[in-house]
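Chain letters run A, B, ... following the sequence lines, proteins first and then strands; every chain starts at 1.
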There are 2 protein chains.
Amino acid sequence: MFSKACEYGIKATIYIAVKSMRHTRVSLKEIAEEVNSPVAFTAKILQSLAKSGIIDSHKGPTGGFEIEESKIDTIKLHDIVHAIDGDNIFVGCGLGLKQCDATQPCPVHDKFVGIRENLKMMLQNTSLYELATGLDIGLTHLKR
Amino acid sequence: MFSKACEYGIKATIYIAVKSMRHTRVSLKEIAEEVNSPVAFTAKILQSLAKSGIIDSHKGPTGGFEIEESKIDTIKLHDIVHAIDGDNIFVGCGLGLKQCDATQPCPVHDKFVGIRENLKMMLQNTSLYELATGLDIGLTHLKR
DNA sequence: TTTATTTAAGATAAATTTGTCCGAAATAAG
DNA sequence: CTTATTTCGGACAAATTTATCTTAAATAAA
Ligand code: FES
Ligand code: FES
């Protein structure tokens, strides 16, 4: 469904959000531990999330990653997935045709667009805030 | 969403079904042409679909692939996807946790299981027969 | 029986994704 | 200013997926 990079990226972003709500920056090392992800690979993903403007990064001692508090509510799961995996999952054909539209549909088109739209809506309607809150109050978990 | 192998496998199976409904065997070469897939890779996929019992293969002149006509109606998209991509898409955690269940859910669990179940139902309710019929009457297409 | 045709099987190779390493750049603090 | 800390950036490596090649096995027909 999502790439490994995207899975790590989502988990990392949620963790950063939890800490940011407490006005605490968090280091790459800590994130990778909490998310159970390879440190150096996580660094790459965080780098790209920073370039996409989803998270902020700061170098040096006391540095680390954070998310502007006002953004936590407006950032949606959709934004994170889109930043890392692109838009193929939202607009691409389920059977890999170069173009998906109803004028020359693949055999699963009619059935697939519903699922795809469903997923898209879910991601667009899910805010980072609610994900972070669920984690913060111990309702959900990042490792297992 | 699905692997390349699965995309090719689905399209190939649908094409074989169309031909089988006309009691015609079809060769690897023809399948790969119609499906726009690499020949040798397609061979591997068909081989595994044959081992899974979804399609039948026959060697030698007049050989090729076919599907028992009585099966075309009972084979579901779910069976093809499961045979090629396994069951991770049906039971796996959206964020890659080793185990997905409600006792220790990841942050997206509640929202993800709906989508996943939705997809599963769609695949279980979609028969090879209806996919093949749509293609046969020119309503849908395998290439673009 | 010989030949031509077609899939099976295993080894190999290319491409992509995932993951690592290391030096550079920034920056906070002594 | 110097040092310690932390992210950045690029090169590199491993693993997985996708794709190819070659030889064998089966089998239909001449
Ligand atoms: S054309 Fe395949 S999903 Fe739309
Ligand atoms: S635990 Fe992640 S989807 Fe169920």
Starting at [atom1] of [X] and ending at [atom2] of [N], how long is that distance when rounded to a whole Å?
{"X": "A:Glu66", "N": "D:dT6", "atom1": "CD", "atom2": "P", "value": "15 Å"}
{"X": "B:Lys51", "N": "C:dA8", "atom1": "NZ", "atom2": "C1'", "value": "8 Å"}
{"X": "B:Leu46", "N": "C:dA8", "atom1": "CG", "atom2": "P", "value": "8 Å"}
{"X": "A:Lys59", "N": "C:dA25", "atom1": "NZ", "atom2": "C1'", "value": "5 Å"}
{"X": "A:Asp56", "N": "D:dC8", "atom1": "CG", "atom2": "P", "value": "11 Å"}
{"X": "B:His58", "N": "D:dA26", "atom1": "NE2", "atom2": "C1'", "value": "12 Å"}

Worksheet item: What distance separates A:Leu123 CG from A:Ile10 CD1, expressed to the nearest 0.5 Å?
Response: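 Nearest 0.5 Å value for the CG-CD1 distance: 7.5 Å.
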Worksheet item: Would you say B:Ser57 reaches C:dA8's phosphate, i.e. side-chain N/O to OP1/OP2 under 4.0 Å?
Response: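 It does, given that an N or O in the side chain of B:Ser57 lies less than 4.0 Å from OP1 or OP2 of C:dA8.
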Practice prompt. Indicate whether OP1 or OP2 belonging to D:dT7 is found under 4.0 Å from a side-chain N or O atom of A:Gln47.
Written response: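 No, no such contact exists.
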Worksheet entry | Protein-to-nucleotide contact annotation, 5' to 3' order, nucleotides 13-19 of chain D [B base; S sugar-phosphate only; - none; under 4.0 Å, heavy atom] | -----SB
Worksheet item: Taking the side chain of B:Thr62 as its heavy atoms from C-beta onward, which of D:dA28, C:dA28, D:dT7 lies nearest to it?
Response: D:dA28
Worksheet item: Using a heavy-atom distance cut-off of less than 4.0 Å, which residues of residues 18-34 of chain A contact DNA chain C?
Response: none
Practice prompt. Starting from the 5' end of DNA chain C, give me the residue, A:Gly60 or A:Thr42, whose nearest nucleotide shows up first.
Written response: A:Thr42
Worksheet item: Taking for each residue the nucleotide of DNA chain C with the nearest heavy atom, is it B:Pro61 or A:Val39 whose nucleotide lies nearer the 5' end?
Response: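 Its nearest nucleotide lies further toward 5', so the answer is B:Pro61.
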Worksheet item: Does a side chain donor of either B:Glu69 or B:His23 reach within less than 3.5 Å of an acceptor in the other side chain?
Response: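 Indeed, the side chains of B:Glu69 and B:His23 share at least one donor-acceptor pair under 3.5 Å.
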Worksheet item: Will you find, in the side chains of A:Ser127 and A:Asp73, an N or O donor that is under 3.5 Å from an N or O acceptor?
Response: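 Note: A:Ser127 and A:Asp73 side chains miss the donor-acceptor criterion.
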Practice prompt. Can you establish whether the number of heavy atoms outside A:Phe90 located under 6.0 Å from its atom CZ is more than 12?
Written response: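 Buried by this count: over 12 neighbours within 6.0 Å.
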Worksheet item: Under 3.5 Å, side chain of A:Ser48 to main-chain N/O of A:Leu46, donor-acceptor pair present?
Response: no
For the pair [X] and [Y], find out whether any cationic side-chain nitrogen is under 4.0 Å from an anionic carboxylate oxygen.
{"X": "B:Arg144", "Y": "A:Asp101", "result": "yes"}
{"X": "A:Lys11", "Y": "A:Glu34", "result": "no"}
{"X": "A:Lys143", "Y": "A:Glu33", "result": "no"}

Discussion item. Over 60° means perpendicular and under 30° means parallel, so tell me whether A:Phe41 and A:Tyr8 are parallel, tilted or perpendicular.
Written reply: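 A:Phe41 and A:Tyr8: perpendicular rings.
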